[in-house]
Amino acid sequence: MDEKFLKPYNPQESEARTYEAWQESGYFNPDTCIEKGITKANAEPFSIVLPPPNVTGKLHMGHAYEDTLQDVFIRFNRMLGKKTLWLPGTDSAAIATQARVEKNIKKEEGLSRHDIGRDELVDRVSAFAKESEEIILSQIRRMGASLDWSRYAYTLDEKRNLAVATAFKRMYDAGLIYRGNRIVNWDPKGQTTISDDEIVHEERQAKLHTFRYSKDFPIPVATTRPETKVGDVAVAVHPDDARYKEFVGKEYEAIFCDVPIHITVVADQEVDPEFGTGAVGVTPAHSQTDWDIAERHDLPKDVVVINEYAKMSVTGRLNNMKTTDARESVVAWLLEEGLLEKSEDVTQNVSTAERTGGIIEPLPKLQWWVAVNKPFVLPHSTIHGIKSGEKTTLKQLMRTVVESGAVSIPQDGFRKTYFHWIDNLHDWCISRQIWFGHRIPAWYRSDEVSVGTSAPSGEGWTQEDDVLDTWFSSSLWTFSTLGWPEETQDMKTYHPTSLMSPAYEILPLWVSRMILMSGFHLGEVPFKTVMIHGLVRDKQGRKFSKSLNNGIDPLDMIEKYGTDALRMGLLVGTSIGNDIRFDENKIKGYKHFANKLWNITRFILENASSDLKAVSYNEVDNALKKSFDELAEDVTKDIEEYRVYMAAEKLYHYAWHELADKIIEESKPILQGNDMIAKTSRELLLNEILNNLLRLLHPFMPFVTEEIWQSLPSKDKEFIMIASWPVTIK
RNA sequence: GCGCGGUUAGCUCAGUUGGUAGAGCAACUCAUUUACACUGAGAAGGUCGGGGGUUCAAGUCCCUCACCGCGCACCA
């Protein structure tokens, strides 16, 4: 017996060495497994593409959990003999990364991005990204993740750039990407547009002011944003509202706070006659709903009164004031003029930018969009529910794919969330006014526009300044990582991928858009199953956040208890989909468990390794073996049906409370006794159970099982990682 | 407003197609150098959020209410 078993199991001593050995073996790469005859060339594929972590930060508990889940499925399927690929990568995360670096530069050098210039800034952001990339990748390795590093991808590398430009061009040619002047969510703090999904609503106290534009204006109007009223072009009322019927169609002139305005009264179904005065002041340029009203009634939409810095751009006293100051100024003016009827306190939801916290200012801007409601013909489709050559829209495609089960979301509640989101979906604004990211592959020359994967020939073309929303490139991820648009062998073998297991936060942001992109470009689903998981929270159930300073570094847990303990602690006792409260005590418990396995092994090696070998079990041992086999089948079924938390718990329970507490305890007299048949039978049993149990546990606790496996005398020195799963699946 | 979760032992949570309520931790009693103290044995702890229904049988299915989270939309 190896002397190491005389001391307690020490994960710190062996984990790094073990990971190194796995990596050197090349078995993370399915091609190597085939070459070495471990996987059959015609084996069924199983693939997962790692949701690429942002190159802004370091590994947090959420990553640790997500990586564990995926690694369990990957290791399980590899041991089943499937052609198993887990593909790693990282995401440039355009806005997040640039914002981070800009902040540092501002703090350390007092310079803005415009002082530095585009090229210099992009260089600096890229350097920062490179640095954090290395950190996060080394951290993922410490989780024991069996990723095929030879296929590593980065959203801004050459192949992914080609994929992005190709995707953009094809969608542009199909009329699904267009450039248009529409209301965007403008973040004055970040100086960029953001998509609807990057907005966070915050409840605030506000005042609802009821006023008239002028003394002789017949209809009072209520607003929480008086400063925008200088941009009003109409008042909308409900068509059936008797109070205002006589005014519909009439036009009025007024000088509102030094600004001449022209107001038309229109009737619109959307107006709620019960709210406020039952009349809406329509400001098309600074409100999405008002823009829509203006479209329906053919009202002017170009009366812009607020600029990109959230300052007023009008004639008179308000000019160049911050909107918040202008608000007070307008109220004061209304009071002076006797136009203010009342002011009430209301709670209001304010839209803020997720990344910067800036208050969103709706502004009309010329931007690039993905049209989600525009019909197009999908030439080739293997998606269940959509035929080749069928006419559809991107929205419909996203819905059908999940409805038909082409993408399976086993958790019913999340299916509903998904549909709810799809039904509320508007065109997707994909241009961002920042410099780090994929520059939009469009070139302009006077009135001409050229879209392509490279600059058009000829003189005088300038490329679009804006870059793409980071989710545009992320949505291509399942296939851009496999070599698309080239027709690679990897594409044929591993796409659609088998499983995606994202946090529920990212379902609309990412999952649905991967379905969109894969559907349009390939006529395929991006993955067959989506297993949505919850968030890891602190002990009090709060989100981990910098401001609360409640973060727990997974690496600290690994230092203290070992990776296997962390993995088990995150998995057991948590159904997938619900949030998890992080409990260090649990992790500690599984450190003890790793040691328990260590000592079970020690006992068996010390007491059940005589030279005499039984060829069959006696009756008692046969029954014990049978019940173990039942457990093995049970656990296998649990993993196949995504109940990994139950599988892990059952194995834990069996190892500790069956094998150690009962079988080993009962073995002591047998092994010391004189009944050689009973003794050799029991020796065989203990060795068999240990051998199989280690394999069953390996996906969950890869390090300790490998470390033990390497010391079992009966085995050759192959890795447990590529040992066969003890249960055959039909 | 629309929607999604959750409510089970002191705490954190499991509970698969309905079939005698489970685990870990904590607390309690005992064992004391054992393969393992990163230990073992034992006992205790629950009208499964409330109410109603379906059923031979409900933590599980249906209806309803309450409370706690969360998402989406939004009214000017």
Side-chain angles (χ1 to χ4, degrees), chain A residues 1 5-10 196-197 199-201 208-210 221-226 228-229 232 235-237 270-283 286-290 293 346 348-349 351 411-426 504-505 507-508 534-535 537 539 541-543 561-562 565 568-569 572-575 577-586 588-608 634 637-638 641-643 645-646 648-650 652-653 656-657 660-661 664-665 667-668 671:
Chain A
M1 186 188 72
F5 288 109
L6 301 178
K7 286 184 289 185
Y9 172 59
N10 178 1
D196 293 347
D197 308 287
I199 285 179
V200 185
H201 295 285
L208 181 67
H209 305 284
T210 305
V221 166
T223 183
T224 53
R225 295 199 62 188
T228 64
K229 299 293 104 184
D232 281 12
V235 165
V237 298
E270 288 298 298
V271 178
D272 177 0
E274 305 294 319
F275 186 85
T277 61
V280 184
V282 180
T283 325
H286 300 290
S287 152
Q288 181 65 56
T289 43
D290 292 6
I293 292 174
V346 288
Q348 189 198 26
N349 276 336
S351 306
Q411 300 131 301
D412 228 29
F414 289 120
R415 281 169 59 94
K416 286 183 188 158
T417 308
Y418 177 85
F419 291 135
H420 187 246
W421 180 79
I422 300 272
D423 294 340
N424 283 310
L425 190 63
H426 303 292
Y504 56 72
E505 286 185 308
L507 184 70
L535 306 180
R537 296 172 175 277
K539 228 183 159 179
R542 303 172 304 182
K543 257 186 171 179
Y561 307 112
M568 285 294 276
V572 177
T574 60
S575 66
N578 290 340
D579 287 353
I580 296 165
R581 288 196 192 201
F582 184 82
D583 182 1
E584 185 169 342
N585 255 324
K586 249 169 104 181
K588 192 170 158 192
Y590 290 106
K591 180 185 199 288
H592 297 177
F593 179 54
N595 193 55
K596 192 77 183 178
L597 291 173
W598 195 250
N599 281 292
I600 288 170
T601 308
R602 175 176 165 187
F603 176 86
I604 293 174
L605 293 180
E606 275 179 340
N607 301 289
D634 205 17
K637 203 176 157 217
D638 282 336
E641 292 169 12
Y642 306 105
R643 293 185 299 269
Y645 51 100
M646 287 194 79
E649 187 171 352
K650 282 174 187 167
Y652 168 87
H653 201 259
W656 202 308
H657 300 297
D661 290 348
I664 285 185
E665 287 307 319
S667 296
K668 288 175 181 173
L671 295 171

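Letters go in sequence order (proteins before strands), and every chain restarts at 1. Below, each value reflects all heavy atoms present in this structure, side chains not excepted, and no hydrogens, waters or symmetry copies.
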Trainee: So do Trp421(A) and Thr417(A) actually touch side chain to side chain, heavy atoms under 4.5 Å?
Mentor: no

Trainee: When the P atoms of G59(B) and U12(B) are compared, how many Å lie between them, rounded to an integer?
Mentor: 23 Å

Trainee: Can you tell me how far C1' in G46(B) sits from the matching atom in G10(B), rounded to whole Å?
Mentor: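 Going atom to atom, C1' in each nucleotide, I get 12 Å.
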
Trainee: Using a 6.0 Å cut-off, check whether atom NZ of Lys588(A) has over 12 heavy atoms from anything other than its own residue.
Mentor: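 12 or below, so no.
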
Trainee: Taking atom P in both C61(B) and C4(B), compute the distance separating them and give it to the nearest angstrom.
Mentor: 15 Å

Trainee: When all nucleic acid strands are considered with a 4.0 Å heavy-atom cut-off, which category describes Phe414(A): base, sugar-phosphate, or nothing?
Mentor: nothing

Trainee: Among A14(B), A23(B), C4(B), find the nucleotide with the atom closest to the side chain of Thr417(A).
Mentor: C4(B)

Trainee: Can you say whether the rings of Phe593(A) and Tyr590(A) are parallel (under 30°), tilted (30 to 60°) or perpendicular (over 60°)?
Mentor: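 Judged by the thresholds at 30° and 60°, the geometry between Phe593(A) and Tyr590(A) is perpendicular.
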
Trainee: Check the distance between U17(B)'s P and Met646(A)'s CE and give it to me in whole angstrom.
Mentor: 11 Å

Trainee: It should be established whether Thr574(A) places a side-chain nitrogen or oxygen under 4.0 Å from OP1 or OP2 of nucleotide A14(B).
Mentor: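 Checking A14(B) against Thr574(A), no side-chain N or O comes under 4.0 Å of OP1 or OP2.
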
Trainee: Which of these nucleotides, A73(B), A76(B), G6(B), is closest to any side-chain atom of Asn349(A)?
Mentor: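 From the listed options, A73(B) comes nearest.
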
Trainee: For Ile199(A) and Ser351(A), work out which heavy atoms get closest and say how close.
Mentor: CG2-CB, 3.7 Å

Trainee: Do any N or O atoms from the side chain of Ser287(A) and from the backbone of Asp290(A) form a donor-acceptor pair under 3.5 angstrom?
Mentor: yes

Trainee: Indicate, yes or no, whether a donor-acceptor pair under 3.5 Å links the base of U16(B) to the side chain of Arg643(A).
Mentor: yes

Trainee: Side chain of Glu649(A) only, please: which of A14(B), A76(B), C72(B) is the nearest?
Mentor: A14(B)

Trainee: Strictly under 4.0 angstrom, non-hydrogen atoms only: write out the protein contact profile of nucleotides 25-43 of chain B, one letter per nucleotide from the 5' end, B, S or -.
Mentor: S---------BB-BSSS--

Trainee: Grab the CG-C1' distance between Asp579(A) and U12(B) for me, whole Å please.
Mentor: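 It works out to 13 Å between those atoms.
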
Trainee: From A76(B), A73(B), U16(B), pick the nucleotide closest to the side chain of His201(A)?
Mentor: A73(B)

Trainee: So do Glu606(A) and Leu6(A) actually touch side chain to side chain, heavy atoms under 4.5 Å?
Mentor: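 In short, these two side chains touch, coming nearer than 4.5 Å.
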
Trainee: So what does Thr289(A) touch, heavy atoms closer than 4.0 Å: a base, only the sugar-phosphate, or nothing?
Mentor: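 Sugar-phosphate, backbone atoms only, no base.
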
Trainee: Can you see if the side chain of Thr223(A) gets near the phosphate of A76(B) - specifically, an N or O under 4.0 Å from OP1 or OP2?
Mentor: no

Trainee: Under 4.0 Å: is that the gap between some side-chain N or O of Gln411(A) and OP1 or OP2 of G5(B)?
Mentor: no

Trainee: Under 4.0 Å, heavy atoms only, any strand: does Lys650(A) hit a base, just the sugar-phosphate, or nothing?
Mentor: base

Trainee: Salt bridge or not for Arg415(A) and Asp412(A), using N-O below 4.0 Å?
Mentor: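 Here Arg415(A) pairs with Asp412(A) in a salt bridge, since their nearest N and O are under 4.0 Å apart.
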
Trainee: Go nucleotide by nucleotide along RNA chain B from the 5' end; which of Trp421(A) and Asp412(A) gets its closest nucleotide reached first?
Mentor: Asp412(A)

Trainee: What distance, rounded to whole Å, do you find between the two C1' atoms, one in A9(B) and one in A44(B)?
Mentor: 10 Å

Trainee: Evaluate the ring planes of Trp598(A) and Tyr9(A), with Trp represented by its six-membered ring, and classify them as parallel (under 30°), tilted (30 to 60°) or perpendicular (over 60°).
Mentor: tilted

Trainee: Considering only the C1' atoms, how many Å lie between C75(B) and G1(B), rounded to the nearest integer?
Mentor: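 Pairwise C1' distance, C75(B) against G1(B), rounds to 11 Å.
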
Trainee: What integer number of Å spans the P atoms of U17(B) and U60(B)?
Mentor: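 Approximately 14 Å lies between the P atom of U17(B) and that of U60(B).
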
Trainee: Glu505(A) has an atom CD; how far is it from atom C1' of G5(B), in whole Å?
Mentor: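 Spelled out: CD on Glu505(A) to C1' on G5(B) is 15 Å.
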
Trainee: Once you round to the nearest 0.5 Å, how far does NZ of Lys7(A) lie from CZ of Arg602(A)?
Mentor: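 Nearest 0.5 Å value for the NZ-CZ distance: 12.0 Å.
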
Trainee: Rounded to whole Å, please give me the gap between CG in Asn578(A) and P in G15(B).
Mentor: 8 Å

Trainee: Mind calculating the distance between CG (Asn424(A)) and P (A73(B)) to the nearest angstrom?
Mentor: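 Result: 6 Å.
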
Trainee: What's the CZ-P distance between Arg542(A) and G69(B), to the nearest Å?
Mentor: 14 Å

Trainee: Roughly how many Å apart are C67(B) and G50(B), using the P atom of each and rounding to a whole number?
Mentor: 15 Å

Trainee: Within this structure, what is the CZ-to-C1' distance between Arg537(A) and G6(B), rounded to whole angstrom?
Mentor: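 Nearest whole value for this atom pair: 12 Å.
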
Trainee: Quote, to the nearest angstrom, the C1' distance that separates G6(B) from G40(B).
Mentor: 38 Å

Trainee: Just do the side-chain contact (heavy atoms from CB on, under 4.5 Å) check on Arg537(A) and Arg542(A) with the steps written out, would you?
Mentor: CA-CA 5 Å; Arg537(A) 296 172 175 277; Arg542(A) 303 172 304 182; 5.6 Å; no

Trainee: Consider the side chain of His420(A), meaning its heavy atoms from C-beta on, and name the nucleotide among C72(B), U16(B), A14(B) that approaches it most closely.
Mentor: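 From the listed options, C72(B) comes nearest.
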
Trainee: Mapping Pro508(A) and Arg581(A) to their closest nucleotides on RNA chain B, which lands nearer the 5' end?
Mentor: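 Mapping each residue to its closest nucleotide by heavy atoms, the 5'-most match is Arg581(A).
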
Trainee: To the nearest 0.5 angstrom, please state how far the CE atom of Met568(A) sits from the NZ atom of Lys591(A).
Mentor: 15.0 Å

Trainee: Whenever both distances are under 3.5 Å in a Watson-Crick or G-U wobble pair, mark it; put RNA chain B into dot-bracket that way, with [ ] for crossing pairs and | when the partner is on another strand.
Mentor: (((((((..((((.....[..))))..((((.......))))......(((((..]....))))))))))))....

Trainee: Taking any heavy-atom pair under 4.0 Å as a contact, classify Val221(A): base, sugar-phosphate, or nothing.
Mentor: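 Nothing, no nucleic acid heavy atom in range.
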
Trainee: Rounded to the nearest Å, what distance is computed from the CZ atom of residue Arg415(A) to the P atom of nucleotide G5(B)?
Mentor: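 Going from CZ in Arg415(A) over to P in G5(B) covers 12 Å.
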
Trainee: NE2 of His426(A) to CG of Asp196(A): how many Å apart, nearest 0.5 Å?
Mentor: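 Reported to 0.5 Å precision, the distance equals 6.0 Å.
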
